[in-house]
Enquirer: 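Just dropping this structure here.
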Amino acid sequence: MKKRQNVTIKGTKDGLVLLLDDLCSYDELKRELDLKLSANTRTEDERHLISVKLEAGNRYLTEEQREELKELVRQKKNLVVDTIVSNVLTKEEADRLRAENEVVTVSKIVRSGQVLKVSGDLLLIGDVNPGGTVVAGGNIFVMGALKGIAHAGCFGNNQAVIAASNMRPSQIRIHDSLHPAQDFVPAEDKHEMECAYIDENRQIKIDRLQALIKIRPNLTRLEGGH
Amino acid sequence: MGEAIVITSGKGGVGKTTTSANIGTALALQGKKVCLVDTDIGLRNLDVVMGLENRIIYDLVDVVDGRCKIHQALVKDKRFDGLLYLLPAAQTVDKSAVTSEQMKKLMEELKQDYDYIIIDCPAGIEQGYKNAVAGADKAIVVTTPEVSAVRDADRIIGLLEKEKHMEPPKLIVNRIRNHMMKTGDMLDLDEITEHLSIGLIGIVADDDEVIRASNHGEPIALNPNSKASIAYRNIARRILGESIPLQPLEEANKGMFSKLKKFFGVR
Ligand SMILES: Nc1ncnc2c1ncn2[C@@H]1O[C@H](COP(=O)(O)OP(=O)(O)O)[C@@H](O)[C@H]1O
Ligand SMILES: [Mg+2]
């Protein structure tokens with residue numbers, strides 16, 4: 001009887017896909033991966049790098065294991081791992097992802113000396129007064145006046161945006177870019193919502209709110225909408 | 001059972017002590033039994049403004065440390081027929097001499113005997129502030145029409161809003177100078193109230209008479225003919241639940257007055 005395969009190799013036009021069995025032990029998997037790739041790559045053209053996708057199924061791979069597998073594949077001369085996909089997330093990862101994708105609605109005035117921080121998007125129904133700070137992993141939407149500090153994309157998301165009904169911040173930060181107040185010309189009597197984002201020159205730019213529709217289409221979460 | 005109202009501001013010198021003295025006086029003039037409590041330990045001066053300095057024997061720290069009974073430390077204001085008393089702050093010890101728990105207990109006891117306890121709070125947000133707020137049921141935040149004072153008021157309001165045992169604070173804008181508001185050299189009332197978004201309970205003009213009266217140990221509220229006195233008396237009546245529209249300051253511009261009326265729901 002033929003033994004079940006722990007590593008199945010498939011060729012696609014984008015490179016190789018390695019289907020990794022998710023029931024065998026990790027060591028068994030590694031051994032077979034090593035063996036299979038040694039046997040397989042000998043005939044390939046060694047001048048070109050071939051990208052490899054690892055599909056781990058329902059196996060959870062730690063960060064070290066991912067590195068180990070990448071290293072193992074890389075040793076086979078012209079193979080390089082492009083992506084590793086697994087169906088499994090740790091609970092922390094799942095919680096973080098959920099938090100980062102959540103819109104947190106807060107109804108209050110963030111006063112001088114106060115810091116309001118959320119992991120996902122912040123929808124603030126109220127003002128941020130001078131000396132007050134709002135921080136979000138995602139976007140920040142202030143329905144009132146933004147007169148203090150706003151920091152969006154604080155975990156490294158430079159696609160994050162800040163919008164306010166009344167944009168008069170003392171400072172705006174998106175990821176690690178900074179926009180101090182003196183560089184800022186408020187839309188004094190225009191009564192127009194404004195937004196801030198990082199443009200293609202890595203500069204924070206302030207614009208009419210409507211500019212976001214074009215430059216950040218991903219803000220739309222509605223699926224199958226019109 | 002009475003209620004304890006703390007007069008606070010964050011910033012020093014904006015008029016907490018003056019406000020405490022005058023609200024206390026005005027409430028006593030309305031026939032209420034009032035106890036003024038000076039919690040500015042180490043920097044007491046409510047006694048001076050009230051003209052009661054010479055009669056102090058014991059102080060607040062003596063009371064909480066059990067060196068005397070409350071009634072022994074209370075200084076009676078002879079101008080009022082047993083309606084106004086002062087519990088002076090200690091002058092010699094520092095603020096950490098008293099804990100929030102001790103203040104709570106003290107306020108509970110005073111509330112048995114008085115209609116209103118007016119607590120004069122020290123500047124800052126440290127232990128002295130915490131003590132002043134610990135036993136209070138309500139707070140009045142005093143500010144002046146200056147950016148720094150409003151900023152500190154905002155900070156204090158943020159802290160007060162976290163005190164679940166207290167009602168939302170009310171605002172007094174003190175030392176208003178109309179000509180400066182008009183020229184834009186001072187924040188105008190709309191800016192301040194919109195910014196702080198808490199209810200306004202009174203406005204007091206900048207008035208030399210206030211300083212003169214304080215220096216004589218006679219709170220201005222005793223003098224029925226001054227504008228500032230009327231302002232303090234009106235604040236007292238609003239505390240008592242009367243709905244009195246804000247009096248326009250002399251030459252107050254119309255826009256401001258109508259906004260103020262809106263604040264009190266007067267049409
Ligand atoms: N409405 C007013 N008009 C003029 N002077 C005032 C007024 N209110 C307060 N002052 C003066 O300002 C100074 C500081 O007031 P005070 O009540 O001691 O402030 P705080 O207790 O907040 O430190 C005092 O000299 C006082 O007389
Ligand atoms: Mg004082």
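Residue numbers begin at 1 in each chain, while the letters A, B, ... track the order of the sequences.
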Enquirer: Using the side-chain contact (heavy atoms from CB on, under 4.5 Å) definition, which of the options A/N157, A/I174, A/D176 pairs with A/I198?
Expert: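 That would be A/I174; it is the only one of A/N157, A/I174, A/D176 passing the side-chain contact (heavy atoms from CB on, under 4.5 Å) with A/I198.
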Enquirer: Without hydrogens or angle criteria, can the side chains of B/K130 and B/S100 be said to hold a donor-acceptor pair below 3.5 Å?
Expert: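 There is no such pair between these side chains.
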Enquirer: Do B/D120 and B/T17 have side-chain atoms, one donor and one acceptor, less than 3.5 Å apart?
Expert: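 There is such a pair between these side chains.
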Enquirer: State whether the number of non-hydrogen atoms from other residues, nucleotides or ligands found under 6.0 Å of A/M143 atom CE is greater than 12.
Expert: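 For A/M143, atom CE is not crowded (no more than 12 foreign heavy atoms under 6.0 Å).
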Enquirer: Mind checking the OG-CD1 spacing from A/S165 to A/I125? Nearest 0.5 Å is all I need.
Expert: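 Reported to 0.5 Å precision, the distance equals 10.5 Å.
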Enquirer: Indicate the atoms forming the closest heavy-atom contact of A/Y60 with A/Q65, along with that distance.
Expert: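 So the minimum-distance heavy-atom pair works out to O-OE1, 3.7 Å.
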Enquirer: Select all residues of residues 105-120 of chain A having any heavy atom within less than 4.5 Å of some heavy atom of chain B, and report them by number, or 'none'.
Expert: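 Near chain B, by residue number: A/I109, A/R111, A/S112, A/G113, A/Q114.
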Enquirer: Determine the minimum heavy-atom distance between A/I162 and A/A152, stating which atoms define it.
Expert: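 Result for this residue pair: CG1-CB, 3.6 Å.
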Enquirer: Step by step, would you call A/Y197 with A/Q203 a side chain to side chain donor-acceptor pair (under 3.5 Å)?
Expert: CA-CA 8 Å; A/Y197 59 89; A/Q203 298 290 312; over 6 Å; no
Enquirer: If contact means a heavy atom pair closer than 4.5 Å, which residues of residues 143-153 of chain B contact chain A?
Expert: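 Heavy-atom contacts from residues 143-153 of chain B to chain A are B/R151.
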Enquirer: Indicate whether any N or O donor in one side chain lies under 3.5 Å from an N or O acceptor in the other, for B/H195 and A/K147.
Expert: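 The answer is yes; a qualifying pair exists.
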